[in-house]
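Quick notes on the structure that follows.
Scope of the values below: all heavy atoms of this structure, side chains included, with no hydrogens, waters or symmetry mates. So that the names make sense, note that chain A is the first sequence line, chain B the second, and so on, each numbered from 1.
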Amino acid sequence: MDALHLYNTLSGKKEKFEAIKPPFVGLYVCGPTVYSNVHLGNCRTFISFDLINRYLRYLGYQVRYVRNITDAGHLENDAEVGEDKISKKARLESLEPMQIVQTYSIDFRDKMEVFNTLPPDIEPTATGHIVEQIDIIKDIMDKGLAYEINGSVYFDVLKYSETDNYGILSGRKIDELLSGSRALDGQDEKKNAVDFALWKKASPSHIMRWNSPWGEGFPGWHLECSVMSTKYLGESFDIHGGGMDLKFPHHECEIAQNKAANGTHAVKYWLHGNMLTFEGTKMSKSLGNSILPNELFSGDHKLLNKGFDPMVVRFFMLQAHYRSTLDFSNEALEASEKGFQRLMAAFETLHSLDVSDTSDIDSDSYKSLFEGAMNDDFNSPILISHMFDLVKAINSVADGRMTINQATKDGLTELMQHFVVDILGLTPSKQGDGAALIDGLMDVIIDVRNRSRLNKDWATSDAIRDQLKDLNIVVKDGKDGAKWEAQ
RNA sequence: GGUCUCGUGGCCGAGUGGCUAGGCAGUGGUCUGCAAAACCAUCCACAGCGGUUCGAAUCCGCUCGAGACCUCCA
């Protein structure tokens with residue numbers, strides 16, 4: 001494709017991308033609820049949108065990337081007996097809620113950096129926008145689309161549906177929602193089961209609470225994204241993304257809130273990333289099949305044979321299309337690891353190729369293949385497959401079976417820099433700080449020393465021991481052989 | 001139960017109505033003191049049954065199977 005097309009969940013089709021106000025692009029992505037460590041499935045979504053953000057920038061767009069942090073307002077159970085996710089965790093650990101928020105926000109940002117995702121331009125928090133949320137609630141109430149009961153405010157979905165289409169994004173039908181809802185648990189104060197909370201009254205024991213015109217309480221989950229996206233990107237912006245599991249009800253509610261408050265459907269293109277699965281099932285904390293990034297890096301998890309470099313994990317994820325589910329397994333990771341190393345090795349090889357006057361390779365054709373793949377709804381797997389064709393060509397030149405001229409070499413170097421580093425966000429593995437590598441190196445050193453001792457080559461064995469000592473590594477000879485220890 | 005998505009070779013994973021992605025593994029080579037690595041070449045597919053078509057993995061129907069959402073979730 002010669003122009004960027006993307007799959008819009010709203011229309012269910014691939015559409016040509018046309019920015020509302022080029023060269024600017026507003027990109028909003030639903031971020032995490034920071035009540036626990038991000039797991040790998042969470043990371044996948046943000047890596048997917050990192051790819052999208054990076055490619056938009058490569059195309060020359062000036063992107064304003066906004067990704068929120070949900071630090072309040074997330075109802076845990078049924079609304080009636082609901083408790084805020086953050087405050088629940090806080091009470092369990094006797095911590096201040098914002099302490100929880102801080103701990104897991106740091107973890108989140110740290111993992112995003114390790115996976116080499118570009119930070120968002122704005123990272124707003126729900127608690128930082130309570131005032132704006134109250135304002136929009138008042139606005140929606142003024143328009144007659146929300147009602148207050150017992151200090152809580154609910155969005156009137158049926159009323160809204162008289163003039164608008166609740167379900168426009170997810171394809172839900174109000175009737176089906178009403179009949180299918182499990183309306184019995186704790187039969188609540190809402191007029192209809194499909195109504196959702198804009199503001200919840202805080203029970204006496206609830207520790208996260210703010211003053212409002214309706215008494216002390218806390219905002220509903222869907223509201224923050226409506227508020228923060230329009231605040232920072234305007235009442236109409238280009239792209240809104242998030243995980244597939246947020247499509248309903250979260251994004252559906254967002255649309256309704258925006259439409260109710262501003263009269264506009266704020267978002268032009270809705271993009272949804274698919275789930276990371278494990279043995280075919282969605283990875284999620286509640287199912288107990290989630291893996292944390294650190295566990296994957298170190299290999300310290302019962303389901304893992306070994307650890308993997310973050311860049312390998314990123315590459316693994318980019319080998320699948322963002323709208324497809326991706327199944328996680330040791331085997332798949334190991335395959336990606338080998339492929340990643342081969343790709344990066346060829347990238348290195350490219351720099352040192354001898355040039356000729358003639359060239360069997362044409363960099364422009366690769367460029368159009370690469371761009372064509374990405375233009376087709378960010379198809380990174382296809383992009384990578386073309387890259388491996390190029391890998392083959394590079395190796396053939398290195399092998400003397402093909403030739404390349406200086407201009408082509410320069411063109412390919414720039415092309416690979418753009419697509420491997422800038423767009424896919426892949427950097428060479430940093431194996432130097434890996435404990436596994438150190439262990440391996442030490443084994444080699446100890447082995448060499450043992451052999452010199454067997455040969456009674458004491459000069460060598462003592463030199464090794466002394467030099468290690470200088471590095472604060474102590475070698476201890478015992479009956480069962482030598483051991484070492486870092487001081 | 002309702003809505004929707006998907007079922008591709010040993011594994012992961014793209015895909016267009018006809019021209020057979022890619023990675024890993026396997027196999028055969030090159031290289032190498034040996035081995036490994038690296039590199040080159042190559043085998044294996046489209047859940048099942050019908051239908052549409054000159055032709056379908058790609059369109060339609062059914063069967064079987066898997067998953068997602070309908071409650072918090074990236």
In terms of the angle between their ring planes, are A/Phe347 and A/His351 parallel, tilted or perpendicular, with boundaries placed at 30° and 60°? tilted

Think A/Asn379 has a side-chain N or O under 4.0 angstrom from the OP1 or OP2 of B/A14? no

Taking every heavy atom of A/Leu390 against every heavy atom of A/Met416, the minimum-distance pair comes out as CD2-SD, 3.7 Å

Within the sub-3.5 Å range, which N or O atoms of nucleotides 32-40 of chain B have a protein N or O partner, and how far apart are they?
none

Could you please spell out the steps behind the salt bridge (charged side-chain N to carboxylate O under 4.0 Å, His left out) verdict for A/Asp327 and A/Lys282? CA-CA 9 Å; A/Asp327 202 47; A/Lys282 175 182 171 182; over 6 Å; no

Taking for each residue the nucleotide of RNA chain B with the nearest heavy atom, is it A/Asn42 or A/Ser329 whose nucleotide lies nearer the 5' end? A/Ser329

Mind checking the P distance from B/G23 to B/C70? Whole angstroms is fine. 39 Å

So, for A/Arg64 and A/Ile122, which heavy atoms are closest and what is the spacing to 0.1 Å? CD-CD1, 4.0 Å

Classify the nucleic acid contact of A/Leu276 as base, sugar-phosphate or nothing, counting any heavy atom under 4.0 Å across all strands shown. base

Pair listing, salt bridge (Lys or Arg N to Asp or Glu O under 4.0 Å) test, anchored in residues 387-404 of chain A, at least two apart: A/Asp399-A/Arg401

Short side-chain N/O contact to B/C69 OP1/OP2 from A/Lys282, under 4.0 Å: yes

Please measure how far the P atom in B/A47 lies from the corresponding atom in B/A21, and state the result in whole Å. 15 Å

When the P atoms of B/C60 and B/C6 are considered, how many whole Å apart are they? 10 Å

Is it the case that the ring center of A/Tyr58 lies less than 6.0 angstrom away from the ring center of A/His418? yes

Whole-Å C1' distance, B/G13 and B/C44: 16 Å

Using a 4.0 Å heavy-atom cut-off across all strands, classify A/His272 as base, sugar-phosphate, or nothing. nothing

For A/Thr325, answer base if it contacts any base atom (sugar-phosphate contacts may also be present), sugar-phosphate if it contacts only those atoms, and nothing otherwise; contact means non-hydrogen atoms under 4.0 Å. sugar-phosphate

Take atom C1' in B/C24 and the same atom in B/A37, then report the distance between them in whole Å. 16 Å

Using a cut-off of 4.0 Å on non-hydrogen atoms, how would the nucleic acid contact of A/Gly41 be classed: base, sugar-phosphate, or nothing? base

Return the set of residues passing salt bridge (Lys or Arg N to Asp or Glu O under 4.0 Å) with A/Lys285 (not counting sequence neighbours), or none when no residue passes. none

Is there a side-chain polar atom (N or O) of A/Thr281 under 4.0 Å from OP1 or OP2 of B/A66? no

Work out how far the P atom of B/G18 is from that of B/C12, and round it to whole angstrom. 26 Å

Rounded C1' spacing from B/C69 to B/G61 in Å: 26 Å

P gap between B/C59 and B/C72, integer Å: 35 Å

